[in-house]
Amino acid sequence: MERTMKKYFPLFVMPTLMAFFIAFVIPFLMGLYLSFCKFTTVTNAKFVGLDNYVKAFSNKGFLSALGFTVLFAMVAVVTINVFGFLLALLLTRQIPGRNLFRTVFFMPNLIGGIVLGYIWQAMINGVLSGFGVTMLMDAKYGYWGLILLMNWQMIGYIMVIYIAGLQNVSGDVLEAAKIDGAGKLQALFRVTLPMMMSSITICLFLTISNSFKMFDQNLALTGGGPSGKTTMLALDIYKTFYDKVGFEGVGQAKAVLFFLIVAGIAMVQLFITRHREVES
Amino acid sequence: MRKKSLSNTILFLVLSILAVLFVTPIFFVGMNSFKGRFFISDRPFAFPQGELFAGFENYINGVERAEFFSAFGWSTFITVFSVLVIILCTSMTAWYITRVKTKSSEFLYFAFVFSMVVPFQMIMFTMSKLADSLNLNNPLGMLVLYLGFGAGLSVFMFCGFVKGIPLEIEEAALMDGCSPVKTYFRIVLPILKPTAITVAILNAMWIWNDYLLPYLVIGVGTPYKTIPVAVQYLMGSYGAKDYGALMALLVLSVIPIVVLYLFCQKYIIEGVVAGAVKG
């Protein structure tokens, strides 16, 4: 069978492979190389060694964006997972209309980041105008605005994954715990949660990596303002590339660092998942 | 029993309040889309009536200024055809590299998986330059770019499923004289259908809402703007901002998604869960 199939390599694999080279492999390798160059277009690149990386770190924008992103991720990850889990717990009980509730809570997840960002910009500015301020007057409004937006978008998504996890927790084990005299809270913390560790790992990493990679919502809600204080990593890279001429190399170096952070998060996730699979 | 139904009633009330809070932003935007543009920032929570009511003025402005119908058309074109191309090409590739076990298949699989963890910002500059020089900066070229950048996740998901299909079925078909192409279309693709639906949903959600790739590759100076690009173009440009037109445009952008969601809810939620668990 393998031998007959091999003849069909040009038909089965070539189209995907060519597109993959154009849209990923070549740009990725070029990007890696260009992060060590000074350039304005791809053709006039001049090798400058680690210069761009030194500039990326001495540039205040990158470190403050990193700090803001970490601060954002910490609060967003905790709130989204706690609220998502609570909703999942409630919506796996026998409650009238629970399918309708699930539908409503999940819906914001389908709306794109740009549209979401402007919906919330209008809403938050509407509320703040009652106090005579706008969102761009203080970075704290933008920060909490982003947290609120991200919660609104992701709670329903995280909720459905937790619901799927909860439905896998066997009723027999819970029954046994109840007979052994476990209270409701005890059953939740000692039985349900440990049995859901794989769902929890998935949700934690989904929220962490989505928080780190956030771009559209950031661009639409605050655009990074006031004076760049609510700029997250992805937006900072974008601005380094396209807002001023002559910093393309620094932008590419920041992009490589960004890639290393995101890939690092994925590696940790992989390690934890594998580790747990071996244990169980 | 009575105690239980009481606690359920309370829960029901709490959830109802939460649900209302969840749809408030959308209602807020909907309400303001019918107000005169200057009342939106002055009286954001007032109901659109009397002098505040502006009829469909904002909608007419929004559709005109953002060329909404053209954007809707291009968004639909790019999303539908990219998803079809992705499904067809990546399922073939996944079948091939799972069945033909060579060093290069293994390496390809690794490369596809690797591409999943690379954020778009890493390649955005070089990819848009390359796309320009290859004349891919048009809606048809976008199909190639989405196939290439979306291949990682799709190949990965199809491979996971192909591994579970018993080899005997395909071998029997080949022995009966089916060519690999026929075997693929008659045997493999129908078996792959559930995974194909999941892959289609995940890719459609990504491509429909994607902003940066079409913005960088196609840009705003062309008639091929997609919906996210058109929305950002209306608001991101300098000068007097028409919030009335924006509100109307936001409502128009949300409607198709909500309608589609109400019809294919089951598939969408299942697809998203399956995608999260495997990805």
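Note that the structure is a prediction, hence the values are computed from the model and not measured.
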Contact winner vs chain A - [options], heavy-atom pairs under 4.5 Å:
{"options": "B:Glu170, B:Met247, B:Met124, B:Met175", "answer": "B:Met124"}
{"options": "B:Tyr184, B:Phe120, B:Phe12", "answer": "B:Phe12"}
{"options": "B:Tyr261, B:Tyr146, B:Phe28, B:Tyr243", "answer": "B:Tyr261"}

Which residue out of [options] racks up the most heavy-atom pairs below 4.5 Å with chain B?
{"options": "A:Met5, A:Met123, A:Met30, A:Lys6", "answer": "A:Met5"}
{"options": "A:Gly126, A:Ala164, A:Gly113", "answer": "A:Gly126"}
{"options": "A:Leu90, A:Ile161, A:Leu206", "answer": "A:Leu90"}

Indicate yes or no for a side-chain donor-acceptor contact from [X] to the backbone of [Y] under 3.5 Å, with no hydrogens or angles considered.
{"X": "B:Thr93", "Y": "A:Phe12", "answer": "yes"}
{"X": "B:Asn209", "Y": "A:Leu110", "answer": "yes"}
{"X": "B:Gln121", "Y": "A:Lys254", "answer": "no"}
{"X": "A:Thr16", "Y": "B:Cys89", "answer": "yes"}

Check your understanding: Aromatic ring centroids of A:Phe39 and B:Phe125 under 6.0 Å?
Key -> yes
Point to revise | Chi angles and distances behind the side chain to side chain contact (heavy atoms under 4.5 Å, CB included) call for B:Ser7, A:Arg93 | key: CA-CA 11 Å; B:Ser7 75; A:Arg93 299 172 60 151; 4.0 Å; yes
List the atom pairs, donor and acceptor, that lie under 3.5 Å between side-chain atoms in residues 212-223 of chain A and the rest of the protein, sequence neighbours left out.
| residue | atom | partner | partner atom | Å |
| --- | --- | --- | --- | --- |
| A:Gln217 | NE2 | A:Gln153 | OE1 | 2.7 |
| A:Asn218 | OD1 | A:Met232 | N | 2.9 |
| A:Asn218 | ND2 | A:Thr230 | O | 3.1 |
| A:Thr222 | OG1 | A:Gly224 | N | 3.0 |
| A:Thr222 | OG1 | A:Thr230 | OG1 | 2.9 |

Which atoms of [X] come close to chain A, meaning under 4.5 Å heavy atom to heavy atom: side chain ones, backbone ones, both, or neither?
{"X": "B:Leu134", "result": "side chain"}
{"X": "B:Leu136", "result": "side chain"}
{"X": "B:Val100", "result": "both"}
{"X": "B:Leu143", "result": "neither"}

